[in-house]
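Read through the structure below, which is laid out as structure tokens, and then see the notes.
Chain letters run A, B, ... following the sequence lines, proteins first, then strands; residues in each count from 1. Predicted model, so just to flag it, every value in this text is computed and none were measured.
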There are 2 protein chains.
Amino acid sequence: MQDLAKEKRLDLFARKCREHGIPVTLQRRAILNTVLDLDNHPTADQVFDAVVGQIPSISRTTVYRTLDTLARLGVITKACHPGNTVRYDNRIELHHHLVCQRCDDVIDITDARLDKVRIPDTSSFGFEVIDFRVQLRGVCRRCKKEEDQT
Amino acid sequence: MQDLAKEKRLDLFARKCREHGIPVTLQRRAILNTVLDLDNHPTADQVFDAVVGQIPSISRTTVYRTLDTLARLGVITKACHPGNTVRYDNRIELHHHLVCQRCDDVIDITDARLDKVRIPDTSSFGFEVIDFRVQLRGVCRRCKKEEDQT
DNA sequence: TTAAGTGCAAAAGCTTTGCGGGTAG
DNA sequence: CTACCCGCAAAGCTTTTGCACTTAA
């Protein structure tokens, strides 16, 4: 990521910390900084490997905790990525997903307008598109209720 | 899932097995059957818990292996679902993903037309949409090359 | 018959937890 | 000063591997 964009993100981070009353620590800054440099959807472990270069004494635990914190603050996002904890889906026809950002629940929806999305040309990536899916990200009914009670 | 749809899917499975020359075993049928009943994007472990009721002697290993096989045959799909192996994304602005179904790699793309997707009304789910992302699923350059060589 | 699948046990990964010492505000 | 954070070690999960036995075609 470019330096200017990085500066802006670090500022955003500082502001969010003040808003939420959480301290800006050396480790948090270093971890954010590292994620901004890593461009390909790293796992927590990959971030750890990269950040150890800057702070040799840092622990895995801190990296896991901090990434979660940064995502909660909205300074980075969690990517929906096929990973170790795979979920299986018994629908093979075109459909879409509501993904709750609080509880990670996924709800199926069908919508004719979404089905008609025009697929962009991906040949410059050498990528052949077979099908697609729209993820609508937000907050589900249950989590919204819990929020209201707080 | 309704009985008719289930029958059709079990037939599809049988056909795919013949095509690929792999045996239709008792376990595979039971596991597929179970996934078709389970409607909410189950993990392998949740499928195991459900299928043990039918075949008490079945092992976790078989469930893991079979789900992978079924997904390879295209009889079920893997859902991109936030799970244990979370990936983090340093982009917080609107963008989309090319997801390779062979190697699980994710490539970022931006596309003005995709950005303009009309979000459907999700109020009947009590779901509040905050943003969205289009996943284009297919085969990446590297995997396509490997396929050609085989 | 025979290639492939299955179950078991053990290993390998990944992530979380509890706790004493340390640090930002 | 004081609440919150950090590192460590250990526990807890989930998933994969190697091997001998069993089974579908």
Side-chain angles (χ1 to χ4, degrees), chain A residues 10 13-35 41-73 75 78-79 81-88 103-104, chain B residues 10 13-35 41-73 75 78-79 81-88 103-104:
Chain A
L10 287 164
F13 167 58
R15 183 151 30 92
K16 289 281 187 183
C17 282
R18 248 169 288 137
E19 270 174 32
H20 289 76
I22 75 168
V24 177
T25 64
L26 184 67
Q27 288 88 340
R28 283 182 179 147
R29 278 187 65 90
I31 289 167
L32 173 54
N33 211 46
T34 301
V35 175
H41 310 278
T43 63
D45 232 59
Q46 291 168 334
V47 175
F48 172 75
D49 286 345
V51 90
V52 149
Q54 293 175 53
I55 307 184
S57 65
I58 205 167
S59 80
R60 259 193 186 70
T61 311
T62 299
V63 174
Y64 277 93
R65 278 190 292 224
T66 299
L67 288 170
D68 198 68
T69 304
L70 293 175
R72 256 202 348 264
L73 296 179
V75 182
K78 291 187 184 184
H81 191 295
N84 271 349
T85 311
V86 183
R87 299 278 181 150
Y88 293 91
C103 68
D104 288 348
Chain B
L10 287 164
F13 166 60
R15 184 150 30 90
K16 289 280 184 182
C17 282
R18 249 170 286 136
E19 271 174 33
H20 289 77
I22 74 168
V24 176
T25 65
L26 185 67
Q27 288 89 339
R28 284 182 177 146
R29 279 187 64 91
I31 289 168
L32 174 54
N33 211 45
T34 301
V35 175
H41 311 277
T43 63
D45 231 59
Q46 289 168 334
V47 175
F48 172 75
D49 287 345
V51 91
V52 149
Q54 292 176 54
I55 308 183
S57 66
I58 205 167
S59 78
R60 258 192 186 70
T61 312
T62 299
V63 174
Y64 277 94
R65 279 190 291 227
T66 299
L67 288 170
D68 198 67
T69 304
L70 294 175
R72 256 200 351 263
L73 295 179
V75 182
K78 290 187 185 184
H81 192 295
N84 271 349
T85 310
V86 184
R87 299 278 180 149
Y88 292 92
C103 68
D104 287 349

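Shown for residues 18-28 of chain A: residues whose heavy atoms fall under 4.0 angstrom of DNA chain C, namely Pro23(A), Val24(A).
Distance, Asp68(A) CG to dC6(D) C1': 16 Å, rounded to whole Å. In this structure, Ile58(B) atom CD1 and dT23(D) atom C1' are separated by 14 Å, rounded to whole Å. For the pair Arg65(B) CZ and dT14(D) P, the computed distance is 19 Å after rounding to whole Å. Taking atom CZ of residue Arg29(A) and atom C1' of nucleotide dA24(C), one finds them 14 Å apart after rounding to whole Å. The CG atom of Leu67(B) sits 11 Å away from the P atom of dT16(D) (whole-angstrom rounding). Atom C1' of nucleotide dT15(C) and atom CD of Gln46(A) are separated by 15 Å, given to the nearest angstrom.
In plain terms, the two heavy atoms of Pro23(B) and Cys17(B) that are nearest each other are O-SG, 4.3 Å.
Listed pair Thr62(B) / dG7(C) meets the phosphate criterion, a side-chain N or O lying under 4.0 Å from OP1 or OP2. Phosphate contact (OP1/OP2 of dT16(C), side-chain N/O of Tyr64(A), threshold under 4.0 Å): absent.
For the side-chain contact (heavy atoms from CB on, under 4.5 Å) test with Val35(B), the passing option among Leu67(B), Val51(B), Thr66(B), Val63(B) is Leu67(B); the others fail. Screening Val24(B), Thr25(B), Leu32(B) against Arg28(B) for a side-chain contact (heavy atoms from CB on, under 4.5 Å) leaves a single residue, Thr25(B).
With rounding to the nearest 0.5 angstrom, the CG atom of Leu70(B) is 7.0 Å from the CD1 atom of Ile31(B). The distance from the CG atom of Asp45(B) to the OH atom of Tyr64(B) is 4.5 Å, given to the nearest 0.5 Å. Taken from CZ in Arg65(A) to OG in Ser59(A), the straight-line distance is 6.5 Å, to the nearest 0.5 Å.
Of the candidate nucleotides dG18(D), dT15(D), dG7(D), dT15(D) has the atom nearest to the side chain of Arg60(B). In this structure, the nucleotide among dA9(D), dT14(D), dC8(C) sitting nearest to the side chain of Thr61(B) is dC8(C).
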